[in-house]
Amino acid sequence: MEYKAKPKVTVLMPVYNGEKYLAEAIESILNQTYQDYEFLIINDGSTDRSEAIINTYRDKRIRLVNNNENIKLIATLNKGIELSRGKYIARMDCDDISHPTRLSEQVEYMEKNQDVVMCGTWVETIGLGRKQIWKYPTEHNQIQASLLFECVLAHPTVIIKKAILNELEIYYDKNYIHAEDYELWKRLSKYKISNIPKVLLKYRILTNSVSNSNRKTQQQSLINIHKKTLKELNLYSSINHRTLSYLGGGELIEILQIERELSKLIKINQERLYYKSECLEQAIINRWIYVCNSSTELGLRVFSVFINSHLIKRKRINYIKVFKLLIKCLVKKKNL
């Protein structure tokens, strides 16, 4: 393959002890229909066969950088941003699989939509559990409102204009370990971002994934992100961060408090116009469904609160989700 000193895309993939699925990940990038890219692989002090596996590929598009020691993901990603030569930086993880047309479709989208600074895609899960399609909101206003509560861009799917990172001196923040992507997307959401409504990556769920093995650290980072957001919106004194950060395990009184504060958010937004109204209302409905789904140990009491809430009466709701919530509440009640 011909080597280019100034490729259009830098595919950035950190690796730390990723030998099990590394070959699949590498080959999914080398087999892309799009060709104008460099493949920047940063080996972050792996102690397994990762480096040896990478070295078996004699493709000139691969730039292998070896860290002398394990400096962890955030520092490695920031190093990758500095080393990248492309107009765009496309993220990749060493245990996922990119669809062959992923880069061509994302580059085409970015070239046609010059006002977009970053786009992701939908994903299909593989590995642990049953296969699912994760369909994220696609339009900027939808994404911006949804980011108030959760991360709605899959990290290994994003492609970012490097110029915006350079211009704003934006990097991943080491203060938000295991949620560094979410915090970065929130900063970038001041500009136009989107998701392509198509599955272009297979996202591997592992028993030792970040969300499983580092749950407490990740949850604290999420809390810190939500506190920061409320302060930036001048809402810290009026909205409890748990309304944004709730992950279950609360009492009914807390569920009722969250409902009141979600309603308050709608009213405040109508006055201050932080977010497009219909987008925030849909994000709040989704949040309300999540909160109640995370509290089904309370049985039919939480379902009664859910179904009688004026939040779900503001817009049409997916009644399949309502039925699933009812079943979960009945099962929990039966087991009490």
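With sequence neighbours excluded, no residue forms a side chain to side chain donor-acceptor pair (under 3.5 Å) with Glu232. Scanning for side chain to side chain donor-acceptor pair (under 3.5 Å) contacts around Asn308 gives Ser304, with sequence neighbours left out. Applying the side-chain contact (heavy atoms from CB on, under 4.5 Å) rule to Lys324 yields the partners Ile320; only residues at least two apart in sequence or on another chain are considered. Remark: Lys79 engages no residue in a salt bridge (charged side-chain N to carboxylate O under 4.0 Å, His left out) (not counting sequence neighbours). With sequence neighbours left out, the side chain to side chain donor-acceptor pair (under 3.5 Å) criterion links Arg260 to Gln257. Applying the side chain to side chain donor-acceptor pair (under 3.5 Å) test to Asn66 and every residue at least two apart in sequence or in another chain returns Asn43, Glu51.
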Steps toward side-chain contact (heavy atoms from CB on, under 4.5 Å) verdict (Ile29, Met13): CA-CA 10 Å; Ile29 296 300; Met13 185 174 80; 5.7 Å; no
Does Val15 form a side-chain contact (heavy atoms from CB on, under 4.5 Å) with Asp44? I'd like the steps, not just the answer. CA-CA 6 Å; Val15 177; Asp44 188 25; over 6 Å; no
Between Asp95 and Leu22, does the side-chain contact (heavy atoms from CB on, under 4.5 Å) criterion hold? Intermediate values first, please. CA-CA 6 Å; Asp95 50 13; Leu22 183 55; over 6 Å; no
Kindly indicate, with the supporting measurements, whether the criterion side-chain contact (heavy atoms from CB on, under 4.5 Å) is fulfilled by Val302 and Cys329. CA-CA 8 Å; Val302 77; Cys329 290; 3.5 Å; yes
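No continuous path of hydrophobic side-chain contacts links Trp288 to Ile253 [ILVMFWY only; heavy atoms under 4.5 Å]. In the hydrophobic clustering of this structure, Ile258 does not group with Ile223; members are Ile, Leu, Val, Met, Phe, Trp, Tyr whose side-chain heavy atoms approach within less than 4.5 Å, directly or through other members. Tyr176 and Ile71 fall into different hydrophobic clusters, where Ile, Leu, Val, Met, Phe, Trp and Tyr side chains are chained together by heavy-atom contacts under 4.5 Å.
Residue pairs that meet the side chain to side chain donor-acceptor pair (under 3.5 Å) test with at least one member in residues 142-165, sequence neighbours left out, are Ser84-Lys162, Arg91-His155, His155-Tyr172. Within the structure, salt bridge (Lys or Arg N to Asp or Glu O under 4.0 Å) contacts touching residues 98-113 (residues at least two apart or in different chains) are Lys8-Glu111, Lys87-Glu111, Glu105-Lys198, Glu108-Lys112. Here salt bridge (Lys or Arg N to Asp or Glu O under 4.0 Å) pairs that include residues 12-27, with residues two or more places apart or in two chains, are Glu24-Arg204. Residue pairs meeting the side chain to side chain donor-acceptor pair (under 3.5 Å) criterion with at least one member in residues 243-255, sequence neighbours excluded: His226-Ser245, Arg242-Glu254, Thr243-Glu261, Tyr246-Ser295.
Within a 6.0 Å radius of NZ in Lys228, more than 12 heavy atoms belonging to other residues, nucleotides or ligands are found. Summarising the local packing, CG of Leu273 is surrounded by more than 12 heavy atoms from other residues, nucleotides or ligands at distances under 6.0 Å. Within 6.0 Å of the CD1 atom in Ile177, the count of heavy atoms belonging to other residues, nucleotides or ligands does not exceed 12. Shown here is Arg49, whose CZ atom has no more than 12 heavy atoms of other residues, nucleotides or ligands within 6.0 Å.
Remark: Ile160 CD1 to Thr10 OG1 distance equals 11.5 Å, nearest 0.5 Å. Separating the CG atom in Leu262 from the CG atom in Leu280 is a distance of 9.0 Å, to the nearest 0.5 Å. How far OG of Ser28 is from CG of Asp96: 8.5 Å, rounded to the nearest 0.5 Å. Going from atom NZ of Lys276 over to atom NE2 of His140 covers 10.5 Å, rounded to the nearest 0.5 Å.
Residues Pro156 and Tyr203 meet the side-chain proximity criterion, which asks for heavy atoms closer than 4.5 Å. Looking at heavy atoms from C-beta onward, Val291 lies in side-chain contact with Ile255 at the 4.5 angstrom threshold. Contact of the Ile42 side chain with the Leu40 side chain is registered, since non-hydrogen atoms from C-beta on lie closer than 4.5 Å. A 4.5 Å side-chain heavy-atom check between Asp36 and Val9 finds every atom pair outside the cut-off. Counting heavy atoms from C-beta outward, Tyr191 and Leu168 have side chains that approach closer than 4.5 Å.
Nearest heavy-atom pair, Leu147 versus Lys186, reported as atom, atom and distance to 0.1 Å: O-NZ, 3.0 Å. Taking every heavy atom of both residues into account, Val116 and Ser194 meet most closely at CG1-OG, 3.8 Å. Nearest approach of Ala179 to Ser221, heavy atoms of both residues: CB-CB, 3.8 Å. When every heavy atom of Tyr37 is checked against every heavy atom of Leu30, the shortest pair comes out as OH-CA, 3.3 Å. Between Leu12 and Gly80, the closest heavy-atom pair is CD1-CA, 3.7 Å. Nearest heavy atom pair, residue Leu244 against residue Phe149, reads CD2-CE2, 3.4 Å.
Under the 3.5 Å distance criterion, with hydrogens and angles disregarded, a donor-acceptor pair is assigned to the side chains of Gln282 and Asn286. With no hydrogens or angles considered, no side-chain donor-acceptor pair links Asn269 and Lys267 at under 3.5 Å. Side-chain contact, Tyr16 with Thr76: no donor N or O sits under 3.5 Å from an acceptor N or O. Side chains of Lys264 and Ser238: a donor-acceptor N/O pair is absent below 3.5 angstrom, by distance only. No hydrogens or angles considered: nothing links the side chains of Gln132 and Thr125 as a donor-acceptor pair under 3.5 Å.
Of the residues Arg272, Gln270, Glu271, the one that meets the side chain to side chain donor-acceptor pair (under 3.5 Å) test with Tyr274 is Arg272. Put simply, the residue from Ile289, Leu326, Asn293 that forms a side chain to side chain contact (heavy atoms under 4.5 Å, CB included) with Lys321 is Ile289.
Note on ring orientation: taking the six-membered ring where Trp is involved, the planes of Phe306 and Phe303 are tilted (angle from 30° to 60°).
In this structure, Ile97 belongs to a hydrophobic cluster whose other members, linked by side-chain heavy atoms under 4.5 Å apart, are Ile126.
At distances below 3.5 Å, not a single donor-acceptor pair connects side-chain atoms of Asn195 with backbone N or O atoms of Pro197. Remark: the backbone N or O of Asn17 is paired with a side-chain donor or acceptor of Ser46 at under 3.5 angstrom. A donor-acceptor pair is defined here as one N or O able to donate and one able to accept, closer than 3.5 Å; such a pair exists between the side chain of Asp48 and the backbone of Ser50. Side-chain atoms of His241 do not come within 3.5 Å of backbone N or O of Lys227 as any donor-acceptor pair.
A salt bridge is absent between Glu38 and Arg61; no separation between the charged side-chain nitrogens and carboxylate oxygens falls under 4.0 Å. Classification of Glu183 and Arg187 as a salt-bridged pair holds, one side-chain N sitting under 4.0 Å from a carboxylate O.
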N/O donor to acceptor pairs below 3.5 angstrom from side-chain atoms of residues 117-124, sequence neighbours left out:
residue: Trp122; atom: NE1; partner: Tyr136; partner atom: O; Å: 2.8

